[in-house]
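These notes concern the structure reproduced below.
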Amino acid sequence: MTLKPFLEVKNLNVAFPTEDGLVQASNEISFTVARGETLAVVGESGSGKSVTSLAVMGLHDRKRTQISGQAILNLDSGPVDVISADDEVVRKLRGKAMSMIFQDPMSALHPYYSIGNQLIEAWSLYNEGDKAAGKKRAIEMLDLVGIPDAAKRVDEFPHQFSGGMRQRVMIAMALINNPSLLIADEPTTALDVTVQSQILQLIRDMQKEFNMALILITHDLGVVAEVADRVNVMYAGKIVESGGAEDIYYRPDHPYTIGLLHSIPKIGELESKRLVAIPGQPPSLINLPRGCSFRARCAFSDRVSGNLCATTAPTLDTKTNEHFSRCHLPEAELLKARKEIGGN
Amino acid sequence: MTEPLLRIEGLQKHFATTTGGAFSKVKGTVKAVDGIDLDIYPGQTIGLVGESGCGKTTAGRTILKLYEPTGGKITFEGQDITHLKPKQMKPLRSQMQMIFQDPFASLNPRHTVGTLIGAAFEIQGITPEGGIEAEVQRLMARVGLNPEHINRYPHEFSGGQRQRIGVARAIALKPKLIVADEPVSALDVSIQAQVVNLLEDLQDEFNMAYIFVAHDLSVVQHISDRVIVMYLGKVMEEADKVDLFTHPRHPYTKALLSAVPVADPIKGRKRERIILQGDLPSPVNPPAGCVFNTRCWKAQDKCRTQVPELMQIGKDPSHRIACHFPEE
Amino acid sequence: MLKYLARRLSATFLVITLVSMSVFGIFAVLPMDPAALTCGKACSAPVIEANRHRLGLDVPVQVQYGRFVKGLFVGRDFGEGAAAFHCPAPAFGYSFNRHECVTTLIAEAFPVTLSLAIGAFVLWLSVGVSLGILAARRKNQWQDRAATAFVLVGTSLPTFISGILILLFVALKFNLINPIEMGRWVSPLEDPVAWFRTFIFPWIVLALLYAATYTRFTRSNVIETSMEDYIRTARAKGLNERDILRKHTLRAALAPIITLAGLDFAGLLGGAIITEGIFNLPGLGRLSIRAVLRDYDLPTILATTILAAVFVVVANLLVDILYAYIDPRVRVAS
Amino acid sequence: MSGLKTSRRILASTAAIALAVGVTVASGSSANAAEKPVTGGTLYFITNAEQFDHIDPARVYTGRDIAFLNSYLYRNLVSYKPVAGSAGSSLVADLATNTGVPSNAAKTWKFTLRAGVTWEDGSPVTCADVKYGVSRPFASDVITDGPQYLVQALDIPTEADGSSVYKGPYKKTGQAAFDKAVTCSGNTITFNLNRSFADFNYALTYPAGAPVKASKDTGDKYDLRPFSNGPYKIASYKIGDQLELERNAAWKKSSDTVRTPYPDNIVVRFGLAEDVRDQIMLEDQIPNTASLDALQPANLRAFFADPTKKDQRFNVYDPYVRYAAMNVKKGHMDCLDVRKAVFFAINTQALIDLSGGREFYGDPGDNPVKPVLGLDYKKTTGNIHDPNWKITGNPTYSASLLEKAKTSCPDAYSRATAADKGIVWDISNTATNQKAAVLIGDALKAAGINIKFNFIPSGQYYSTVQNRDKQNDISSAGWGADWANASTVIPELFTKEGGFNLSQNWDDPAYAAFKKKSDATKVETNRAKQAKGWQELSQYVMDQYWIIRPVFSKGQEVWGSKVGGVYYWEPQGNFGFGGMYVKN
Amino acid sequence: MAAVVLNDELNSTESQEIVQRTPKEIAWGRFKRNKVGIYAGGATIFFLACSIFAPLITRAFGVDNHTVYEGVLNEFAMPIGPLGGISWSHPLGLEPGVGRDVFALLLYGSQLSFLVAFISTFASITIGMLIGIATGYFKGKIDSTIGRFADFLLSFPGTFMIIALSLPLVQRVEAIGLAHENAARILVLVIFLVFFGWTGFYRLIRSQTMSLRERDFVMAAQAMGASSWRIIVKELLPNLWPTAIVFISLSLPGYIAAEATFSFLGVGVQAPASTFGLVLSDAVGYWRDDPAYLLIPCAILIAIVLALNLLGDAIRDALDPKAGR
């Protein structure tokens with residue numbers, strides 16, 4: 001991508017102080033997204049993917065969160081750093097410059113207000129015009145996201161919609177002010193697989209329609225493969241690997257990514273070979289061990305010379321252009337590892 | 001193979017819906033499960049798939065007689081257990097067990113691991129050799145838990161470990177049949193494989209039969225010998241795994257398969273997809289005729305009026321579908 | 001919705017019937033003899049018998065109940081000959097101790113209790129809810145702790161103590177009320193200032209008690225609601241915090257308070273026995289207590305008890321309807 | 001104390017009765033000769049009570065209420081003279097032109113009505129009105145609580161159960177018999193009695209003999225608004241709130257020799273909290289106010305200790321004797337030794353102190369008849385004059401009496417001493433009585449007597465204990481003579497027919513002789529002989545310990561600085577309401 | 001909102017490396033951190049101990065609750081000396097009118113208050129628990145009937161009914177010979193308090209049981225062949241205890257206050273026994289002359305109820321950190 005990235009996240013850290021200690025939820029996060037580009041963030045729950053995006057949206061309670069680093073939005077009017085900007089400035093970016101949709105469409109809409117009401121509210125924040133104009137726009141948006149009979153359903157309440165329909169409503173609401181960036185946080189996790197494909201299709205269509213930068217957060221590698229241009233793989237609060245979708249799927253550099261790709265059975269592979277499991281559990285984010293946080297589960301840490309994995313946290317090394325990985329494993333060992341696990 | 005371990009014929013489970021409130025009345029019935037047949041043999045795994053609300057979980061629970069069946073017949077090892085009372089079922093409970101989806105909800109947070117796993121022995125009044133505690137520790141070791149943690153509480157374990165506790169509890173009495181209800185769908189991706197592998201290993205070891213209830217087709221494909229596809233309480237298609245995945249005949253099965261995202265950017269994007277329109281209809285008020293007709297691209301008038309019979313199709317005698325217009 | 005209403009209405013009616021029947025039953029089986037108690041000095045068996053007849057207690061309890069119900073719809077006659085008189089519908093009976101139709105007594109007492117209840121209600125609701133919101137917004141800061149302290153003092157102080165302390169050591173001590181007019185019913189339409197002065201201390205006493213509950217309830221509801229996904233959605237839309245609180249958080253957080261408030265209010269309408277007693281308010285509470293302790297005035301006892309229960313039952317109904325109006329989930333489901 | 005307690009909250013309803021002769025102890029009157037009464041203004045009365053017990057003339061029986069209503073609202077054939085001192089006990093003609101003419105050995109009484117007396121609507125008060133008024137108490141199902149002298153004395157046959165054959169003006173059953181007993185001829189009304197009744201005209205000071213206009217009678221509801229023929233009429237009356245009187249324009253001074261109405265309006269405020277009432281009086285917050293109740297003991301002391309208030313109070317012996325009645329019916333206190341043991345054990349001093357001390361509560365008495373009755377009172381022997389009696393209680397002597405009872409009446413002994421039994425004492429449930437119970441219980445325990453208290457809600461106290469089945473072993477009570485003759489005390493309290501017999505003494509072996517003597521004394525027309533009879537009967541009552549520890553009680557009244565013309569009206573034991581005015 | 005994310009993160013990152021504690025330890029740890037709770041607990045123990053050891057304590061002070069002291073009241077039966085006769089021998093002064101020791105009256109009075117409160121609380125809990133579990137677990141007709149009955153009960157004016165009915169009921173209890181005097185009065189009061197009080201706990205337990213029985217662990221037990229009895233006792237009860245404990249701790253102060261209120265209204269215990277309500281209703285008549293007699297019992301009653309409330313809050317926060325937060 002040659003475009004100037006719309007969002008530049010630089011060295012973002014988010015931590016929550018708790019009774020038991022400081023939870024380092026995201027750690028040294030840097031990435032960029034341009035308009036029209038889809039960045040997928042993959043990782044297990046607790047890997048810090050939601051925390052990062054919420055930080056970009058400025059949705060963390062600053063009193064209870066320690067945030068450092070930068071998240072710069074390159075707006076037409078000039079760059080704004082969401083992290084350091086005033087609450088009021090950030091608020092006015094939300095919904096307009098950047099929007100977000102959430103995992104659970106069942107609870108993300110206010111149960112007491114009609115769909116139309118909630119859409120109009122979002123619209124009127126950034127548009128002059130009376131309610132009728134807002135409603136017109138709301139119906140238009142509902143139509144666009146594929147709600148049948150939108151003019152009638154606009155007055156209905158969330159509980160009268162199915163999960164898939166609600167997610168469409170959420171998308172309509174997020175897009176009603178033509179945002180430049182859409183963050184979709186596990187938008188299909190709560191949905192059935194047939195509905196999931198509808199929604200993914202819709203998100204793709206919408207991205208084209210609005211030429212947005214899209215950050216798609218998910219744990220489902222299948223979903224990522226279908227929509228992502230680039231992929232960030234997160235583990236224990238850090239980006240462990242980042243690259244183009246094909247790089248990640250065909251040339252994974254990090255043992256975690258490799259393991260992940262092979263731990264899921266693939267449709268069509270009918271011969272029942274044993275799955276490759278990543279042993280152990282993800283580490284606690286409190287008092288993370290020194291060194292590589294994946295070390296305890298990594299099958300190859302013994303192939304790294306010395307005690308490097310235990311003592312030194314790997315940095316995000318550039319392997320090839322725009323493909324980074326946080327691993328001490330030498331190139332040769334890596335190729336071997338790919339073969340050993342995946343057989344390709 | 002001779003006598004099936006378990007035979008299900010025309011199993012039905014209907015729930016009454018009420019109006020709620022102080023003076024509730026029965027409003028209607030939800031036909032959560034409306035006619036399932038299956039035979040399962042020792043060592044076999046049958047996958048039960050479908051989207052949420054299709055009745056697969058209810059089916060699993062009804063098979064284990066955790067719900068009283070509304071209709072049909074359940075035969076376990078030749079014995080008709082359809083209408084056995086809970087007390088009469090008790091001795092059979094050691095033969096058939098269940099693994100639950102949610103490892104948080106299925107373990108009583110007030111009990112230690114030892115109590116949780118040991119309960120099976122206690123309830124059935126069985127004292128294993130060496131005592132319950134030793135046996136529990138042996139089981140813990142078998143499912144990959146540290147036996148020293150016998151006195152810990154569930155919240156001290158991660159999700160994957162908890163699911164291992166659930167598995168240990170289910171296999172404690174060496175049952176012949178286990179209904180696994182979405183056993184990995186609540187687990188993190190990296191953990192799912194661990195549990196799937198464990199289940200496979202245990203099956204090899206004890207020759208148990210599994211009824212594997214899941215919505216994730218890829219996992220079902222991986223673990224099952226035979227697959228039943230359900231939609232709104234009804235069986236749409238059933239076939240041996242290979243047949244079903246290579247040559248699905250029901251439009252719904254086909255759509256379901258095509259909707260599964262493939263973790264391969266090039267292949268995945270090139271793939272021809274069938275995107276079903278609309279949502280699952282409400283089970284309270286299912287469509288007339290073929291229940292799938294509202295979302296089926298091939299639906300004709302006949303589909304809206306006539307309920308298709310579940311019939312054998314193709315060469316394989318065990319491949320059956322319920323469709324007026326099967327795929328080629 | 002109409003069907004739902006009809007069903008609820010008939011259920012409510014049934015409950016009211018059951019309540020009135022059981023109140024009748026309970027008082028009928030008691031070893032109290034109102035006829036003997038109102039017999040007076042020249043008491044003898046025939047006089048007691050005559051009294052029993054006069055009070056309508058000489059017939060089986062189901063007949064008494066039948067007369068009661070009939071009286072509610074068509075009115076009732078009492079006494080004989082020149083001493084006869086009529087209580088128009090809805091007649092709750094006749095109090096021979098107060099020489100009035102019970103309906104009249106209730107009609108006189110009700111505005112007092114209503115004033116007490118409404119004022120206290122407004123006060124406790126406004127204080128309780130705003131304190132609760134403040135505490136929730138300033139969670140774990142001094143405002144929260146102050147509100148918590150208020151809650152604890154409020155719940156710990158029985159009304160009979162707070163009432164007496166406020167009456168003796170505040171109102172009387174500093175001449176804040178006109179003693180000879182204390183508790184006298186003044187219509188707010190005629191003299192709003194006097195009305196306010198009559199009720200302000202009772203309001204404070206009741207509000208102190210109830211506001212505590214509401215502070216606690218509001219606080220936890222606001223905190224809980226503000227953790228809801230849809231609040232995050234509102235924030236993600238770009239809504240400012242004030243609107244989020246006003247339009248999104250409070251709407252959902254305060255809806256359950258309707259149930260609580262409705263029932264508390266209805267409970268108070270039946271009479272605040274202690275507060276009315278302490279502040280001399282001639283409301284339903286004092287009417288009923290007087291009927292028990294001074295006269296054992298059975299018709300009044302029955303009427304006030306049934307009425308108090310009816311308030312609660314009807315409030316239940318209204319609260320449900322109101323809730324259905326506020327919460328579309330309930331509305332559409334029914 | 002345990003005598004009749006005019007409860008702190010509610011005036012006990014049935015037994016407060018007027019008395020003829022009073023002795024003023026402290027200042028009896030504020031009527032200052034130099035001061036001229038002022039006409040006009042509003043006079044307030046305040047009370048903790050919720051209402052007057054009754055204001056229907058046929059039903060009112062409380063001294064205070066009679067004094068109040070008689071002064072303002074309605075007139076009797078005869079009235080007590082509205083003056084201070086003993087002169088106040090003399091009768092004056094009121095509606096009648098004379099105080100009654102007896103004949104036929106005082107079995108027939110004639111009164112002639114005064115001309116020009118009118119009702120508040122201007123219609124004249126007729127003989128028929130008086131006759132109708134007298135007929136109303138016979139309707140015992142409607143007209144409850146009033147005095148029964150007329151019902152009992154009029155010459156009308158009775159039914160087997162003792163009730164009159166005449167059932168009152170509403171049912172009119174037996175009307176002929178009544179018409180024979182009370183006759184009108186022009187302005188003269190004649191009462192035919194069934195016995196000699198030398199002081200029948202005193203009985204007519206009760207409004208039960210006052211006229212009622214038949215067309216205005218509303219039966220039970222007449223108790224809310226009686227039709228006035230006095231100087232005031234009711235502007236409004238709401239129980240629990242207030243009674244407001246305004247001038248009756250139809251009343252003419254010329255027709256009334258008794259009343260001089262000064263204030264324009266009279267307002268009685270009911271239901272004031274005791275603290276509020278006391279505060280108003282202590283701080284003189286509303287100076288044109290008089291309290292209808294005595295203040296709470298502590299506040300009373302403060303009021304009387306304040307020299308600036310010396311003209312705003314009096315403290316007098318009231319008409320009452322407060323006592324504990326022994327229910328001597330079999331199975332109750334049927335053992336003289338036990339009765340005596342109870343009496344001698346009690347710490348009288350503590351009880352009197354509890355209720356205000358001798359200064360405000362009263363003195364230990366020795367007689368059911370109060371000394372203020374003069375003729376009929378004679379110091380008795382025994383009881384408090386017994387050398388073994390100690391004012392603070394004598395548990396030793398009491399124990400020795402019990403020891404005697406062990407053999408003389410073992411049943412009663414075991415009831416009184418066994419831990420699981422015990423003597424049950426009825427008492428109205430007031431804060432003071434709760435404390436009295438503690439004191440009594442403590443004192444009796446020292447003597448080895450096991451006492452239990454049955455607390456009864458004040459409003460229901462007398463109706464409960466007068467129910468012979470419900471009455472327990474001992475009942476606290478109080479009684480005052482209805483007029484200056486012990487015929488309104490001894491027969492009322494100690495004969496079966498009496499209206500207030502709490503001793504249930506008719507099974508006592510001594511009863512027959514007692515009853516015979518009482519009946520004879522009642523119809524004795526020689527006043528000196530009669531008095532001797534009462535004295536002997538009183539001594540007998542005390543010897544039998546049918547009642548114990550009488551207290552000759554005191555009453556206090558207080559009023560504000562702007563209230564003038566206050567005096568103690570002895571026969572009613574209360575304010576002389578008629579003279580009160582509001583100072584400028 | 002941040003907290004939601006925080007919780008998610010924490011739950012999913014729990015691993016065996018963190019030293020974990022049992023639920024009891026967690027609750028206890030949370031409780032220990034709450035200073036107010038600790039003080040309130042201390043105060044509660046103090047008040048309870050004072051109450052239980054009333055005979056010993058009063059003996060140590062050389063007083064008792066039944067002796068009518070002589071020479072301590074003046075001729076108007078008012079305590080001699082300042083502050084209602086407070087002195088070394090009578091630390092809280094004397095009862096005007098009678099001359100008993102206020103300190104002893106209150107100590108023994110607290111015994112009755114605690115007695116009524118404890119019996120009422122435990123009876124309500126027991127009934128509510130039994131019926132709540134039974135109806136919540138078995139559902140069906142009985143459940144809806146009892147539910148409606150509970151609604152029905154709630155519509156009655158409880159306070160008034162207690163006042164109106166207690167006297168005749170006490171008489172009846174005495175006539176039957178079930179109990180006498182104060183025992184009968186306490187019995188009737190407790191029966192009333194429980195009769196109108198069990199529904200609250202019943203609803204709580206019922207709704208909790210309903211949600212618990214839908215939890216998979218109940219089904220897991222059923223799948224193992226556990227009887228309903230075993231499920232109730234072994235699976236449900238352990239999860240209901242915290243609710244019960246919280247409820248107990250929060251209803252005790254309520255019942256203490258209620259007992260005092262009813263004594264004040266003349267329902268319940270009567271002289272010569274004493275309770276806070278009796279002493280207070282007596283003291284109201286003396287407030288001008290002897291304010292100490294009113295204010296001291298007031299302060300003590302408030303302190304007890306406050307301490308119990310604070311303790312209840314602390315226990316609730318410790319056992320059920322989400323409620324009320």
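Chain identifiers are assigned alphabetically (A, B, ...) following the order of the sequence lines, protein sequences preceding nucleic acid strands; residue numbering begins at 1 within each chain.
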message: Taking side chain as everything from C-beta outward and backbone as N, CA, C, O, which of these in D:Ile286 sits under 4.5 Å from a heavy atom of chain C? Side chain, backbone, both or neither.
response: side chain
query: By a 4.5 Å heavy-atom criterion (distance strictly below it), what part of D:Arg59 contacts chain C: side chain, backbone, both, or neither?
result: side chain
Structural part of D:Glu283 lying under 4.5 Å from a heavy atom of chain C: side chain
- request: Please determine, by modelled atom types, if D:Asp217 and D:Tyr132 share a side-chain donor-acceptor pair under 3.5 angstrom.
  value: yes
query: So what's closer than 4.5 Å to chain D heavy atoms on C:Leu168: side chain, backbone, both or neither?
result: side chain
- request: For the residue pair C:Trp203 and C:Trp195, categorise the inter-ring angle as parallel (less than 30°), tilted (30 to 60°) or perpendicular (more than 60°).
  value: perpendicular
task: Pick one of side chain, backbone, both or neither for D:Tyr44, based on which atoms fall under 4.5 Å of a heavy atom in chain C.
output: side chain
query: Are D:Lys167 and D:Glu159 ion-paired here, with the side-chain N under 4.0 Å from a carboxylate O?
result: yes
field: From D:Arg136, D:Lys221, D:Arg225, residue fulfilling salt bridge (Lys or Arg N to Asp or Glu O under 4.0 Å) relative to D:Asp56
entry: D:Arg136
message: Using 30° and 60° as the class boundaries, would you call the ring planes of D:Phe500 and D:Tyr462 parallel, tilted or perpendicular?
response: tilted
statement: Comparing D:Gln279, D:Gln285, D:Gln152, D:Arg468 against chain C, the one with the most heavy-atom pairs below 4.5 Å turns out to be D:Gln279
query: With a 4.5 angstrom heavy-atom cut-off, which part of D:Gln242 approaches chain C: side chain, backbone, both or neither?
result: side chain
message: Using 30° and 60° as the class boundaries, would you call the ring planes of D:Phe178 and D:Tyr166 parallel, tilted or perpendicular?
response: parallel
query: Highest number of heavy-atom pairs under 4.5 Å with chain D: which of C:His53, C:Arg286, C:Glu181, C:Arg98?
result: C:Arg98
field: Atom group of C:Tyr94 that falls short of 4.5 Å from chain D, counting heavy atoms
entry: side chain
query: What residue, out of C:Ile278, C:Asn175, C:Asn178, C:Leu105, has the most heavy-atom pairs lying under 4.5 Å from chain D?
result: C:Asn175
Residue among C:Trp185, C:Phe92, C:Phe311 satisfying ring pair (Phe, Tyr, Trp, His ring centres under 6.0 Å) with C:Phe110: C:Phe311
- prompt: Using non-hydrogen atoms only, which part of D:Ile46 is less than 4.5 Å away from chain C: side chain, backbone, both, or neither?
  reply: side chain
query: Going from NZ on C:Lys70 to OH on C:Tyr65, what distance comes out if it is rounded to the nearest 0.5 angstrom?
result: 15.0 Å
